[in-house]
Undergrad: 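Have a look at this one.
Every chain is numbered from 1 and lettered A, B, ... according to where its sequence line falls, protein lines coming before strand lines. Note that the coordinates shown come from a computational prediction; the quantities given were computed from them, not determined experimentally. Note: hydrogens, waters and symmetry copies are ignored here, and every other heavy atom, side chains too, is used.
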Amino acid sequence: EFRRFSLERSKPGKFEEFYGLLQHVHKIPNVDVLVGYTDIHGDLLPINNDDNYHKAVSTANPLLRIFIQRKEDADYSAFGTDTMTRKKNVLSNVLRPDNHKKKPHIVISMPQDFRPVSSIIDVDILPETHRRVRLYKYGTDKPLGFYIRDGSSVRVTPHGLEKVPGIFISRLVPGGLAQSTGLLAVNDEVLEVNGIEVSGKSLDQVTDMMIANSRNLIITVRPANQRNNVVRNSRTSGSSGQSTESSLPSSTPNILANFLQGEEESDEEDIIIEDSGEPQQIPKAAPTSESLESLTQIELLQESTQNGFLPSSEMNLNHSAGSVSMDYEVQDPDHKSLEEDGTIITL
Amino acid sequence: MRRFLRPGHDPVRERLKRDLFQFNKTVEHGFPHQPSALGYSPFLRLMAIGTRSGAIKLYGAPGVEFMGLHEENNTVMQIHFIPDQCQLVTLLDDNSLHLWSLKQHSGASELREEHRFTLKGPPGSPPSATQITAVLPHSSREVLYLGTESGNIFVVELPSFRVLEDRTITSEAVLQRVPEDYCNRRSCELVEALWEHPKNPDQILIGYSRGLIVLWDLQNNKVTHHFLGSQQLENLYWQRDGSKFISCHYDGSYTQWPVSSDNRQPEPLENLVPYGPFPCKAISKIYWQTTKNGLPYIIFQGGMPRASYGDRHSISVVHGSQQTAFDFTSRVIDFFIIFSSEPTAEFDDPSAMVVLAEEELVVIDLKTAGWPAVHPPYLASLHCSAITCSHHVSNIPLKLWERIISAGSKQNIHYSNMPWPIDGGTNIAPDPPQRDLLLTGHEDGTVRFWDASGVCLHLLYKLSTVRVFLTDADPNDNMNTLGEDEWPPLRKVGTFDPYSDDPRLGIQKIYLCKYSGYLAVAGTAGQVLVMELNDEDAEHVVDHAEADLLQDQEGYRWKGHEKLKTRDGPVRFEAGFQPFVLVQCQPPAVVTSLALHSEWKLVAFGTSHGFGLFDHQQKRLVFVKCTLHPSDQLALEGPLSRVKSLKKSLRQSFRRIRRSRVSSRKRRGGSGNASEVQEANAKFDQDALQEMELAPVQRKIEARSAEDSFTGFVRTLYFADTFLRDSSRHCPSLWAGTNGGTVYAFCLRVPPAERRMDEPVRAEQAKEIQLMHRAPVVGILVLDGRSTPLPEPLEVAHDLSKSPDMQGSHQLLVVSEEQFKVFTLPKVSSKLKLKLTALEGCRVRKVTVANFGSCKTDDYSENDLAVLTNLGDIQIISLPFLKVQIRYPCIRKEDVSGIASCVFTKYGQGFYLISPSEFERFSLSTKWLVEPRCTVDMPEVTSNNHVHKSVMESAARKSRSSEDYGEDERKSGRLMEHALLNDEKVLKEIQSTLEGGR
């Protein structure tokens, strides 16, 4: 079901009022719902407090699409980074069948209400002295916030101990993503960037590699402080959800590189504006995934035609009136099952 | 699926790759950086130039060149050819001697180092005892005489470099019979000059720095004549018959001395200070050349009045009443005179003077009245004004080629038409496969057109854009205003002029359409000139249009330089490329990209603020697009970084001056001030480098955001006729890529030819693509239905390319500094990509489509991308599948200017600057290889008899010339073949067979 209404941009009010308004508009006063919106990158993000509500209103451009789901049938995994684009990445799913059988999440709290900012991955395959950290820059305002430098480290080689040049973290910017994760520290030696060893590369090269991967940066470090290392007994303990996604031996950097590249396809889609219409993400031309592709394309098409047909003068009018017109849909239970299938398969 | 595809080794492809790609650095074009020594062999008619980096380059007839590099990379101080041999000796500043020889190897001559030697004194002697100051290769070709700082002359055997101790000429032996009072006043000091007697090989003339000159008899090991000079000696020269010699001195004087058997201690005949009576600078080298008419040529370097002209670099030629002081813009390293070297000839009869200055080679014709300069076929000073950009055009149609040459020849009328006097060796390289032009843009607003087809980079034509503008410098205010009776009679020669009137004139982008002769040139102050080739002089008004790239953006203020003022009214242009329209960008920021479509008669230009499209047929601005991000203040501040660097460089130069003063105080005399400053600079740079290394180097890791500065900077512009809106209709389009990773596509409507003047060209934005990685877009390309890059404008019309496939679906290739991406068209969906930076940490600096032909089969060729990265590597990437084929290290990654200057050709060659004055040419192709291949004939000389030898020599020459004749015939055969290849019909046929083959 679609509802369209307007809201004053300058005075959005509190989340509670907004929640009430939604329930009122949809005439579902006693149903618990999850509220979400699509941000400019096409991600489905939750609205559950004043802050993210205000953020949502401020990003409206001028339309804000809001999705409402019944809390009991909510699909938590639909939220978060790249949720909208991930649907399209069918290919990787076909290749990684384990994703199909992903068990429904056990809801402990509501982690899906937040974006992940970092994770430790591949704990099961890395030596205990190493740590592979993934930083999600995407969608957060925080700067990555760290510096690297040249240095030298001591390696054990067949010829005894040897001093070799290395790359180290030299500074963490207070309040930056790197510092806030607590997973990286000054003097940690950088061993790999997104699966590629940095040995033999210059500081500038490593800098360029990190910046090129900054939207999904995975750095393998040898922490300067080795006392916090987890002593593991079993393979699974301590590995986060992401570890299954990238459980490949690090001894084969080539494959890892390919794989990482494949995975990144989904989270680095360029934006295209056709005929000065609304920005869209560029779909990936993948003729093998006809059916699912068409599904998502229809959706995009609808969106584009809707927006495309809005006379620009009207948009300006809305704008000048200081109001945000909202375009949102409530997911119909019947309709939703189909959609959900889609999400599950394409996740 | 890609994750399961290993980087496979397809053996067929691997073999094909070997047939297609091969990396070679083939030849260095231009003028050697920091030359330090000059040598000439009248026998081989070859010239040798040594440099401060230890390189030695030999040049003969055009196309004949050899290069060698001393391992030590030390400055070459002196070069001496061994008489009548294919050998030469170099002296480096570490006091080592090196023997080089030209040897035939698989049909071509090669320059090889044979021996090296350092003179060692007896144990305990000071190093100055063996510091070599003068070298004399004796005509016997068996020994070298080495004059040293101690005054002793050592004799070493060739080619073994064995010291013949018993033949050493000690200063004690020389001083034995010198009058005592003379002897007391001055000891011998160092040996300044050593000259063999022109008629008697058993006598050598020795000049010591304090003024004493002796004639030494090698047979009897004793002095035969003493010449008691009173001035510090600089150099000596024999008159041809050996009856007189001339000495030149530190005080700017020269002296003639008689040599006769009756007087063993003669008085000077004549002592003259040519530019007296006020104190003069030293005359460092002098020639005495006899002529048939009796009047000798006296040619000397320096000697200018110290106070008023002491800073001039001059060489004076005096012939009877004629006297000219050739005035060079840079320091004179050395010079030589080409004269009749036949020992039987009675007179020298000099024909040309060859001067090696620090920044250029100047040859003066001494035979023609007025002593005009000779246009050198090689060793061009590329940097007469600093090079600011370059552009290469392959395979120039013959018609355009001839027109450019004819325009150029009209500019060269003041040159002598004497054939190039240095004509040793034979060029046996095959004829260049096609006519190629290299265009260089310069800081002074000129564009130079170079013949880059072969080994000799030769200036064809020079175009100046200055005439369009009003500049501070009045063109009439020249050096020529000096009166006739001016003294000294200075005459400026050479083309090296590093001083730019106005840096805003600098050329930044060049685009030449080889089919239509349209040329677009854009400069530092936002000026875009469109020109047309005209074979006649013409006077016309240049149309003027302004393009406000900021449009209605409010609140910005341009703080950079102002636009150039234009000349009102008609302007006279000489034959050649003549501007007919000027588009001035506002704000007048440097033009960063330029594209010209000669078929649609459109020119597109971009700056750091936006881009625009101009219809040069109707002389109407079609549209402008501002690409500025609202937060990008930096772009409006003007060239801010430049201001900073200017400050820095000022500070540095002050420091340099201070340092150079210190060092010059420390050092004594030496090789002149300029070189010392340079050394001091080098030292300073090193110090600065060390300082930098001490500071902790760290790099910030931060994702690029839309707010970064200079995101609106337009990096690339591209015209394409493709499917932009829908897949059924194609239309002209303009594509622009920015520094912030945005690609704009505009749909163009160009009226048909018959209504071209009546209807306006329209443009409408059709697409805007934002690359999420936001890296600068450095290349945009559309591939047709066969995945072949779209042809250049007019290429199809001239039948030089088959028409693009408009049936299949087109693809768009966007190259950013970090990634290569292929998108489908007209609906933009990403199809393929290659991440370079994320995987290798290198960034794309230059990218071009190049055609590679197989060396095995004539009918196979393919298009690939040639890519230069910021690490100086060259990669070849296949089209359309974006697979890295091969990687070659090419330029040092520290050599930023080298990387920035690189240009690729359409056939897998390239050029980059290895110094401000030299292009290195490289080739990636197995098929197109331009490299010197030449021979130097070694006459079989067995006798010491000069006359006999010369007969042999001339016989050898004759036989060679007959060989040359045969060579010419063969050449012309090749030429015919070549001409056939250039015939369009033949080309068409070849192409059709090619098409059939596919």
Undergrad: For B:Leu871, is it the side chain, the backbone, both or neither that has a heavy atom under 4.5 Å from a heavy atom of chain A?
TA: side chain
Undergrad: Would you please say whether a donor-acceptor pair under 3.5 Å links the side chains of B:Gln875 and B:Glu840?
TA: yes
Undergrad: Inspect the contact between B:Glu764 and B:Arg749 and indicate whether a charged nitrogen and a carboxylate oxygen are less than 4.0 angstrom apart.
TA: no
Undergrad: Is B:Tyr744 close to chain A through its backbone or its side chain, or both, or neither, when contacts mean heavy atoms under 4.5 Å?
TA: neither
Undergrad: Answer yes or no: is there an ion pair linking A:Glu192 with A:Arg222, defined by an N-O contact shorter than 4.0 Å?
TA: no
Undergrad: Counting heavy-atom pairs under 4.5 Å with chain B, which one of A:Val198, A:Ile211, A:Asp208 comes out on top?
TA: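 Highest number of pairs under 4.5 Å: A:Asp208.
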Undergrad: Quick one: do the B:Thr738 and B:Thr627 side chains pair a donor with an acceptor below 3.5 Å?
TA: no
Undergrad: Looking at A:Glu189 and A:Asn187, would you say the former's side chain and the latter's main chain have a donor-acceptor pair under 3.5 Å?
TA: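 Absent.
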Undergrad: Heavy-atom distances under 4.5 Å only: say whether B:Glu702 touches chain A with side chain, backbone, both or neither.
TA: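 For B:Glu702, heavy atoms of backbone and side chain both lie under 4.5 Å from chain A.
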Undergrad: Quick check for you: among B:Gly841, B:Ala745, B:Cys747, which has the greatest number of heavy-atom pairs under 4.5 Å with chain A?
TA: B:Gly841
